[in-house]
Amino acid sequence: MRAFILVHFAADTDLSKAQHALGRPGITALDLVMGPYNAIVTCDVADMADLSKLSLVLTQGRASGKA
């Protein structure tokens with residue numbers, strides 16, 4: 001299934017590193033946007049469990065290289 005995840009980065013996040021998320025399995029696109037969120041991530045996942053795992057990784061900042 002295709003899904004969209006809205007991501008808000010921390011103020012000190014280098015947004016150029018956000019493109020690193022494209023290397024994660026399931027992520028097909030990452031678009032930087034203006035407004036309350038900084039990015040919209042498009043992903044293809046098998047089920048809601050996979051979507052939940054991917055969303056958790058992205059929203060915890062690991063997509064931008066933070067641990």
Side-chain angles (χ1 to χ4, degrees):
M1 71 183 203
R2 182 168 42 160
F4 302 92
I5 302 171
L6 304 176
V7 181
H8 174 60
F9 295 113
D12 61 345
T13 299
D14 179 0
L15 294 181
S16 66
K17 293 182 180 178
Q19 295 297 326
H20 176 67
L22 289 170
R24 298 194 71 76
I27 295 180
T28 59
L30 183 142
D31 297 297
L32 299 178
V33 296
M34 301 278 295
Y37 295 97
N38 303 109
I40 299 173
V41 177
T42 305
C43 55
D44 285 312
V45 293
D47 54 30
M48 289 299 290
D50 286 347
L51 178 60
S52 179
K53 289 175 194 173
L54 190 56
S55 178
L56 184 61
V57 168
L58 290 172
T59 57
Q60 287 183 345
R62 292 184 190 146
S64 61
K66 295 182 179 179

Smallest heavy-atom separation, Leu54 atom then Cys43 atom, equals CD2-CB, 3.6 Å
The residue among Val45, Val41, Thr42 that forms side chain to side chain contact (heavy atoms under 4.5 Å, CB included) with Ile27 is Val41
If you define the side chain from C-beta out and look only at heavy atoms, does anything of Met1 sit under 4.5 Å from Leu51? yes
Single-linkage hydrophobic cluster Tyr37~Phe4, side-chain heavy atoms < 4.5 angstrom
yes
**Item:** Same cluster (ILVMFWY, side-chain, under 4.5 Å), Leu32 and Ile5
**Value:** yes
The reported gap from CG in Leu30 to CG in Leu22 (rounded to nearest 0.5 angstrom) is 5.5 Å
Between Asp50 and Asp47 the two heavy atoms that sit nearest each other are N-OD1, 2.9 Å
